[in-house]
Amino acid sequence: MTVLVTGGAGYIGSHTVLALAEAGEDVVVIDDLSTGFSAYLPEGVPLFIGDAGDENLVEGVIAQHNIESIIHFAGSVVVPDSMRDPLGYYRNNFMTARNLLNVAVKRGINRFIFSSTAAVYGNPDQVPVPEHAPTRPLSPYGSSKLMTEIMLHDVASAYGMQYVTLRYFNVAGADPQARIGLATVGATHLLKIAVEAATGQRAKIDVFGTDYPTQDGSCIRDFIHVTDLSQAHRSALAYLRRGGASTTLNCGYGRGYSVLETIDAVRRVSGRSFAVQYAPRRPGDIMTMVADTSRIRGLLDWQPQYDDLETIAAHALAWEEKLFRERHGELRQAASA
Ligand SMILES: NC(=O)c1ccc[n+]([C@@H]2O[C@H](COP(=O)([O-])OP(=O)(O)OC[C@H]3O[C@@H](n4cnc5c(N)ncnc54)[C@H](O)[C@@H]3O)[C@@H](O)[C@H]2O)c1
Ligand SMILES: O=c1ccn([C@@H]2O[C@H](COP(=O)(O)OP(=O)(O)O[C@H]3O[C@H](CO)[C@@H](O)[C@H](O)[C@H]3O)[C@@H](O)[C@H]2O)c(=O)[nH]1
């Protein structure tokens with residue numbers, strides 16, 4: 001009984017693969033390494049390098065391994081990039097999932113966990129936002145995820161598949177032991193940029209929009225620690241294995257922090273100050289995004305361990321310092337070779 005994880009070499013995927021492997025699950029990964037890193041997979045986890053939308057590749061992996069469920073992380077993830085390249089996002093998020101589902105149906109795999117996003121809600125009428133709130137994405141990224149959610153629902157109804165769609169809010173932090181973390185070069189996530197500034201890799205951080213009608217004028221986000229999120233995937237898998245009905249669940253803690261508060265948390269845990277520059281609003285940004293978490297807390301056996309912004313910031317910082325040392329060391333070695 002093996003779990004196929006697409007995008008398992010990426011940020012959230014690698015933390016989930018680690019959580020599954022540590023729990024004794026058999027896991028195989030398909031990843032094209034476009035933004036992922038094979039080095040972040042635990043030893044012994046087979047990696048198939050290629051496109052999760054390549055039906056021949058997926059068929060081959062399923063034929064070789066006794067796959068009982070699929071966790072689908074693979075995709076393109078940057079909201080502003082999707083504004084510039086909508087077709088790329090519809091291809092890599094929607095069409096990849098379509099092909100993967102086609103093979104899953106052919107091979108009779110009937111448990112599927114899908115990485116969706118709070119971006120499907122757009123600007124919510126109600127905060128915290130419940131799962132039944134209207135979905136009005138503001139970006140092609142959010143639309144591509146919503147279209148995939150709808151397709152998954154239709155496929156599951158037609159072929160007797162059970163699924164859990166997880167709508168992640170803002171994922172941040174790193175493995176508490178700093179074994180893995182967010183390593184994407186040029187990542188645009190707020191906490192990543194802030195810890196890059198705190199470690200001197202950036203001269204400043206821009207705050208995109210300080211004129212929102214919020215307490216301090218900046219946007220508000222609900223940050224979830226990546227390790228807690230990885231455990232939510234394990235809990236979702238257990239839920240499906242005990243026959244749980246298909247469902248859609250918000251993944252957050254239910255508390256919002258402004259962009260400025262988040263930057264302050266990084267300043268506090270790092271003890272370092274760095275320049276903060278006010279900049280215009282970023283196209284596609286949602287103003288306030290906070291999860292109503294009653295459904296996930298009611299349905300899954302899931303106990304978050306790191307529900308604290310400073311802990312999230314501290315883990316992100318510890319990982320960034322390690323990554324910086326590693327990359328700096330590599331550069332020095334290359335220069336002296
Ligand atoms: N990071 C967040 O805050 C966040 C929030 C909501 C949803 N999500 C979703 O979670 C999932 C994982 O995101 P992440 O933050 O770990 O990003 P990531 O870029 O680190 O991970 C994506 C992984 O998928 C791989 N990949 C991309 N396209 C592929 C393809 N066609 N075939 C095979 N592999 C492919 C990449 O190489 C990478 O390893 C994505 O679906 C994303 O939309 C992320
Ligand atoms: O240098 C920066 C980076 C970000 N922000 C702001 O910080 C907030 C959060 O931005 P970011 O970290 O880029 O995350 P989101 O745009 O909220 O999107 C993230 O969270 C979504 C779910 O809410 C996921 O779907 C996306 O994949 C993930 O990138 C936004 O208001 C940004 O404008 C800044 O002010 N300066």
Side-chain angles (χ1 to χ4, degrees), residues 5-17 29-38 40-41 47-54 57-58 71-82 88-89 91-93 95-97 99-100 114-121 129 137-139 141-142 144-145 148 166-172 181-184 187-194 196-197 202 204-210 212 214 218-224 226 229-230 250-252 257-260 262-263 276-291:
V5 179
T6 73
Y11 171 48
I12 307 168
S14 62
H15 286 79
T16 303
V17 169
V29 169
I30 297 181
D31 197 300
D32 65 6
L33 301 183
S34 50
T35 55
F37 300 87
S38 56
Y40 296 147
L41 289 173
L47 165 66
F48 294 86
I49 299 174
D51 183 354
D54 173 345
L57 170 70
V58 179
I71 307 184
H72 179 45
F73 291 102
S76 302
V77 309
V78 183
V79 174
D81 283 357
S82 80
Y89 272 67
R91 184 187 53 74
N92 204 34
N93 290 345
M95 289 169 68
T96 298
N99 293 357
L100 180 66
F114 171 55
S115 301
S116 189
T117 167
V120 299
Y121 294 116
V129 58
L138 299 184
S139 61
Y141 169 72
S144 68
K145 291 286 183 174
T148 307
L166 296 175
R167 289 180 177 161
Y168 312 155
F169 282 61
N170 286 62
V171 189
L182 180 55
T184 317
T188 54
H189 301 70
L190 175 63
L191 258 155
K192 175 78 174 172
I193 305 263
E196 284 176 356
R202 286 176 184 269
K204 62 166 173 79
I205 179 164
D206 287 326
V207 176
F208 299 131
T210 48
Y212 288 99
T214 58
S218 64
C219 289
I220 292 176
R221 293 292 184 272
D222 181 351
F223 295 95
I224 177 170
V226 64
L229 183 62
S230 70
N250 284 342
C251 296
Y257 294 94
S258 75
V259 170
L260 290 169
T262 309
I263 293 172
V276 174
Q277 187 168 305
Y278 293 171
R281 292 182 180 195
R282 193 176 70 174
D285 268 349
I286 293 162
M287 180 174 73
T288 301
M289 190 45 78
V290 179

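Start at 1 and go down the list; that is how both ligands and their atoms are numbered.
Taking OG1 of T117 as the reference point, atom NZ of K145 lies at 7.5 Å (rounded to 0.5 Å).
Residue contacts with ligand 1: A74 is placed with no nitrogen or oxygen under 3.5 Å of a nitrogen or oxygen of the ligand (distance criterion only). At least one N/O-N/O distance between F208 and ligand 2 falls below 3.5 Å. The shortest N/O to N/O separation between Y11 and ligand 1 falls below 3.5 Å. Every N/O-N/O distance between N170 and ligand 1 stays at or above 3.5 Å. Considering backbone and side-chain N/O of C219, none are found under 3.5 Å from N/O of ligand 2. In terms of N/O distances under 3.5 Å, ligand 1 is not approached by Y168. Here's the thing with D285: one of its N/O atoms is less than 3.5 angstrom from an N/O atom of ligand 2. For S34, a nitrogen or oxygen atom sits less than 3.5 Å from a nitrogen or oxygen atom of ligand 1, counting backbone and side chain alike. Looking at G53 next to ligand 1, no N or O pair under 3.5 Å apart turns up. Residue contacts with ligand 1: I12 is placed with a nitrogen or oxygen under 3.5 Å of a nitrogen or oxygen of the ligand (distance criterion only). Between S76 and ligand 1, a contact under 3.5 Å exists for no N or O pair. Looking at L182 next to ligand 1, no N or O pair under 3.5 Å apart turns up.
Relative orientation of the F73 and Y168 rings is tilted, given thresholds of 30° and 60° on the angle between their planes. Ring geometry for F37 against Y40 counts as tilted: the plane angle lies between 30° and 60°, on a 0 to 90° scale.
In this structure, H72 falls outside the shell of residues with a heavy atom less than 4.0 angstrom from ligand 1. For R167, the heavy-atom gap to ligand 1 stays at 4.0 angstrom or more. Residue contact annotation: F37 has no non-hydrogen atom under 4.0 Å from ligand 1. Residue contacts with ligand 1 do not include A119, since none of its heavy atoms lies under 4.0 Å from the ligand. Residue T6 places every heavy atom at 4.0 Å or more from ligand 1. Within the structure, the closest approach of S116 to ligand 1 falls below 4.0 Å when heavy atoms are considered.
Proximity of D206 to ligand 2, defined as any heavy-atom pair under 4.0 Å, is confined to the backbone N, CA, C and O atoms. At a heavy-atom cutoff of 4.0 Å, ligand 2 is contacted by the side chain of R282 but not by its backbone. Contacts between L190 and ligand 2 below 4.0 angstrom, taking non-hydrogen atoms only, involve backbone and side chain alike. Residue R221 touches ligand 2 through its side chain alone, judged by heavy-atom distances below 4.0 Å. Counting heavy atoms closer than 4.0 Å to ligand 2, residue Y141 contributes side-chain atoms (C-beta onward) but none from N, CA, C or O.
Atoms of ligand 1 lying under 4.0 Å from any heavy atom of G50, numbered from 1 in the order shown and given with element: 32 (N), 33 (C). Against a heavy-atom cut-off of under 4.0 Å, A52 is close to the following atoms of ligand 1: 30 (C), 32 (N), 33 (C). Numbered from 1 in the order shown, with element, the atoms of ligand 1 that lie under 4.0 Å from a heavy atom of K145 read 40 (C), 41 (O), 42 (C), 43 (O). Taking every non-hydrogen atom of Y168 and a distance limit under 4.0 Å, the qualifying atoms of ligand 2 come out as 22 (C). Short contacts between ligand 1 and G36, defined as distances under 4.0 Å to a heavy atom of the residue, involve ligand atoms 36 (C), 37 (O), 38 (C), 39 (O). Interface of I193 with ligand 2, defined as ligand atoms under 4.0 Å from a residue heavy atom, comprises 1 (O). Close approach of ligand 2 to V207 is summarised as follows: ligand atoms under 4.0 Å from at least one heavy atom of the residue are 35 (O). Ligand-side atoms of ligand 2 in range of T188: 3 (C), 13 (O), range being under 4.0 angstrom from any heavy atom. Heavy-atom contacts of L33 reach the following atoms of ligand 1: 37 (O) (cutoff under 4.0 Å). For ligand 1, the atoms lying closer than 4.0 Å to a non-hydrogen atom of D51 are 30 (C), 31 (N), 32 (N). The ligand atoms of ligand 2 that sit less than 4.0 angstrom from a heavy atom of V77 are 26 (C), 27 (O), 29 (O). Per-residue contacts place Y141 under 4.0 angstrom from the following atoms of ligand 1 (heavy atoms of the residue considered): 6 (C), 7 (C), 8 (N), 9 (C), 42 (C), 43 (O).
With hydrogens left out, the protein atom closest to atom 29 (O) of ligand 2 is H189 NE2, 3.6 Å, a heavy atom. Counting only heavy atoms of the protein, atom 37 (O) of ligand 1 lies nearest to D31 OD1, 2.7 Å. Distance from atom 24 (C) of ligand 2 to its nearest protein heavy atom, with residue and atom name: T117 OG1, 3.5 Å. The protein heavy atom nearest to atom 26 (N) of ligand 1 is D32 OD1, 3.3 Å. With respect to atom 17 (O) of ligand 1, the closest heavy atom belonging to the protein is V77 CG1, 3.5 Å. When only non-hydrogen protein atoms are considered, atom 5 (C) of ligand 1 lies nearest to F169 O, 3.6 Å. Nearest protein neighbour of atom 2 (C) of ligand 1, counting heavy atoms only, is V171 CG2, 3.6 Å.
Taking each of F73, F114, Y89 in turn, the one with a heavy atom nearest to atom 40 (C) of ligand 1 proves to be F73. Checking T35, T148, V78 against atom 38 (C) of ligand 1, the nearest heavy atom belongs to T35.
In terms of heavy-atom proximity, S258 sits nearest to T262 at O-OG1, 2.7 Å. Between L33 and A9, the closest heavy-atom pair is CD2-CB, 3.8 Å. The shortest heavy-atom contact between A97 and T148 is CB-CG2, 3.4 Å.
Each of I263, L190, L260 was checked for a side-chain contact (heavy atoms from CB on, under 4.5 Å) with S218, and the lone residue meeting it is L260.
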field: Test side chain to side chain contact (heavy atoms under 4.5 Å, CB included) applied to L57 and I30, step by step
entry: CA-CA 9 Å; L57 170 70; I30 297 181; 3.8 Å; yes
